[in-house]
Amino acid sequence: MPELPEVEVTRLSFEARIRGATVLSASLGKPLRWPLGIATAQLQGQVVQAVRRRGKYLLIDLNEGLLLVHLGMSGSVVFADTLAEAGKHDHFDLLTTQGTLRLNDPRRFGAVVFAPSEADAIAQKLLGRLGVEPLGDGFDAATFYQALQQRKTAIKQVLLAGEVVVGVGNIYASEALFLAGIRPTTRANRLSRPRALRLKAAIRQVLALAVEKGGSTLRDFSNAQGESGHFQEGAMVYGRQGQPCRVCGTAIKGLRQGQRSTFFCPQCQKP
DNA sequence: CACGGATCCTGATGGC
DNA sequence: TGCCATCAGGATCCGT
């Protein structure tokens, strides 16, 4: 489910409410992708300093260390004063003086990991190889172009890999490539400088719009206040195979790249 | 080291 | 309360 916009929308929906809260207790359900890396009891008494985001990770800063939360494919978070008893897909609860943070994740591809600091090996294993933040100042066209020049893979897969630029998942990769007029199958190193520049702008535009729209709710995404996203209602290509392009009317095509579905307009997007 | 494929897990959906 | 195959927003690991 969650790509950068959903994670950012989630962060924005509870950061102010949880900041300054003291952890009363923590509990785990079924195993997630990785072990927590600390006994839950050791979180007790810690104070939440801030909630940041890096790529698709939520970083919950504590006075000593931080929690790295990843939503995987099907994860979502709620933060509320009182919550019902944990259900079968609720796998992490953080009870605080200001409310309970709960991770629900049916497929359990997500994770909650404690690291003593962001520089620690545990954190670096997860964050160390991540590419640049697409909505930050570090995302500049020259560096982006140069990075693409070194990859022979299809541009869509380069975006998904997250080593050049983070946060662009399966929905927004298709959407950004549409906006930039680039076929998803085009090899990254075949993109001209102007086209790379156009793609860079398209990525920023798509992700920023998606954050504004509250993310995409395809099936069950909701932010920490239980609100759905609405980006998907205006999607240009994602999930629209066979339907007319909103720009030129040509039927949207679908294909598979690396076991992921891709959508594009054969008229508007050039190889 | 860049690339492609298999893999983790559960649930929804559609064809038979 | 059928069964089976396929697909789903992610990312790592493992051969080549």
Side-chain angles (χ1 to χ4, degrees), chain A residues 1-11 28-35 53-58 68-77 87-92 103-113 122-131 146-177 184-190 203 206-207 210-211 213-223 228-233 235 237-242 254-263:
Chain A
M1 142 183 77
E3 305 180 34
L4 182 149
E6 289 73 31
V7 177
E8 179 65 6
V9 163
T10 297
R11 186 185 77 80
L28 289 165
K30 286 186 190 172
L32 293 164
R33 181 161 193 168
W34 295 296
R53 181 190 54 73
R54 176 74 176 101
K56 297 172 189 169
Y57 286 91
L58 285 170
L68 294 87
V69 179
H70 197 291
L71 302 180
M73 204 81 138
S74 58
S76 62
V77 146
K88 67 189 287 199
H89 299 310
D90 296 325
H91 305 304
F92 180 76
L103 174 67
N104 179 276
D105 184 4
R107 293 178 74 179
R108 290 188 282 130
F109 289 173
V112 182
V113 173
I122 295 244
Q124 280 307 301
K125 186 181 178 204
L126 303 181
L127 307 176
R129 298 193 56 197
L130 296 183
Q146 281 166 21
L148 296 187
Q149 285 298 104
Q150 294 171 268
R151 313 271 176 150
K152 294 178 187 163
T153 317
I155 181 61
K156 194 223 176 192
Q157 300 195 243
V158 171
L159 295 180
L160 283 187
E163 289 169 359
V164 174
V165 56
V166 293
V168 184
N170 209 36
I171 299 176
Y172 303 114
S174 280
E175 293 296 311
L177 287 165
T185 46
T186 305
R187 313 252 159 204
N189 62 346
R190 302 290 297 277
I203 289 169
V206 163
L207 295 180
V211 172
K213 296 280 185 185
S216 294
T217 298
L218 295 188
R219 166 168 287 137
D220 53 9
F221 169 74
S222 57
N223 68 25
S228 296
H230 297 280
F231 177 90
Q232 73 283 358
E233 293 154 17
V237 290
Y238 186 84
R240 299 194 65 243
Q241 183 171 359
L255 54 83
R256 304 216 114 229
Q257 289 177 287
Q259 294 129 276
R260 313 298 302 280
S261 58
T262 299
F263 304 90

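Please read all numbers here as calculations on a predicted model, not as lab measurements. Each chain gets a letter, A, B and so on, in the order the sequences are listed, and its residues count up from 1.
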>> Once rounded to the nearest 0.5 Å, what's the spacing between atom CE of A:M73 and atom CZ of A:F109?
In response: 6.5 Å
> Under 3.5 Å, is there a donor-acceptor pair between the side chain of A:R260 and the main chain of A:T262?
Replying inline: no
> With the threshold set at 4.0 Å, does a side-chain nitrogen-carboxylate oxygen contact exist between A:E3 and A:K56?
Replying inline: no
> Rounded to whole angstrom units, what separation is found between the CG atom of A:D90 and the P atom of B:dT10?
Replying inline: 15 Å
> Of all the nucleotides listed (C:dG9, B:dT10, C:dT12), which has the minimum atom distance to the side chain of A:Y57?
Replying inline: C:dT12
> With no hydrogens and no angle check, is any side-chain donor or acceptor of A:T217 less than 3.5 Å from a backbone partner on A:G229?
Replying inline: yes
>> Check this one for me: any side-chain N or O of A:S216 less than 4.0 Å away from OP1 or OP2 of C:dG9?
In response: no
> Hey, does the side chain of A:E163 reach the backbone of A:L130 with a donor-acceptor pair shorter than 3.5 angstrom?
Replying inline: no
>> C:dC13, OP1 or OP2 - any side-chain N/O from A:K125 closer than 4.0 Å?
In response: yes
>> Both A:R33 and A:E163 contact DNA chain B. Which one's nearest nucleotide lies toward the 5' end?
In response: A:E163
> Between C:dG10 atom P and A:Q257 atom CD, what is the distance in whole Å?
Replying inline: 14 Å
>> Reading DNA chain B from 5' onward, which residue's closest nucleotide shows up sooner: A:R108 or A:Q157?
In response: A:Q157
> So, do A:F109 and B:dC9 meet the stacking rule of ring centres under 5.5 Å and planes under 30°?
Replying inline: no
>> Distance check needed: B:dT13 P versus A:D220 CG, whole Å only.
In response: 11 Å
> Given the P atoms of B:dA12 and C:dA11, what is the spacing between them in whole Å?
Replying inline: 23 Å
>> In this structure, how many angstroms lie between the C1' atom of C:dG9 and the CG atom of A:L58, rounded?
In response: 15 Å
>> For a quick check of understanding: with a heavy-atom distance under 4.0 Å over all strands, which category does A:G258 fall into, base, sugar-phosphate or nothing?
In response: nothing
>> Checking side-chain contact (heavy atoms from CB on, under 4.5 Å) between A:I155 and each of A:L148, A:V164, A:T185, which is the one that passes?
In response: A:L148
> Is A:H89 near enough to B:dG11 that one of its side-chain N or O atoms lies under 4.0 angstrom from OP1 or OP2?
Replying inline: yes
> What's the CD-P distance between A:Q259 and C:dT12, to the nearest Å?
Replying inline: 16 Å
> For B:dC3, does either OP1 or OP2 sit under 4.0 Å from a side-chain N or O belonging to A:K152?
Replying inline: no
> Is it true that A:Y172 and A:F231 have ring centroids separated by less than 6.0 Å?
Replying inline: yes
> Choosing from C:dT12, C:dG9, B:dC3, which nucleotide comes nearest the side chain of A:W34?
Replying inline: C:dT12
> Starting at CZ of A:R151 and ending at C1' of B:dG4, how long is that distance when rounded to a whole Å?
Replying inline: 14 Å
>> Which is more 5' along DNA chain C, the nucleotide nearest A:S261 or the one nearest A:L130? Just name the residue.
In response: A:S261
> Between A:R187 (side chain) and A:K152 (backbone), is there a donor-acceptor pair under 3.5 Å?
Replying inline: yes
> So which nucleotide from C:dG9, B:dT10, B:dC3 ends up closest to the side chain of A:R107?
Replying inline: B:dT10
>> Taking only the P atom of each, what is the distance from B:dC9 to C:dC3 in whole angstrom?
In response: 23 Å
> What stems, by residue range, does DNA chain B take part in, given at least 3 consecutive Watson-Crick or G-U pairs under 3.5 Å?
Replying inline: B:2-8 with C:10-16, B:10-16 with C:2-8
> Are A:D105 and A:S74 close enough, and set up right, to give a side-chain hydrogen bond (donor to acceptor under 3.5 Å, both in side chains), and what steps lead you there?
Replying inline: CA-CA 5 Å; A:D105 184 4; A:S74 58; 2.5 Å; yes
>> Does C:dG9 have OP1 or OP2 under 4.0 Å away from a side-chain N or O of A:R260?
In response: yes
> Of the nucleotides C:dG10, B:dC3, C:dG9, which one has an atom closest to the side chain of A:H70?
Replying inline: C:dG10
> From C:dA11, C:dG9, B:dT10, pick the nucleotide closest to the side chain of A:Y238?
Replying inline: C:dG9
>> Rounded to whole Å, please give me the gap between CG in A:D105 and C1' in B:dT10.
In response: 10 Å
>> Just the rounded figure in Å: distance from P of B:dC3 to NZ of A:K156.
In response: 16 Å
> Is the shortest side-chain N/O distance from A:K30 to OP1 or OP2 of B:dC9 below 4.0 Å?
Replying inline: no
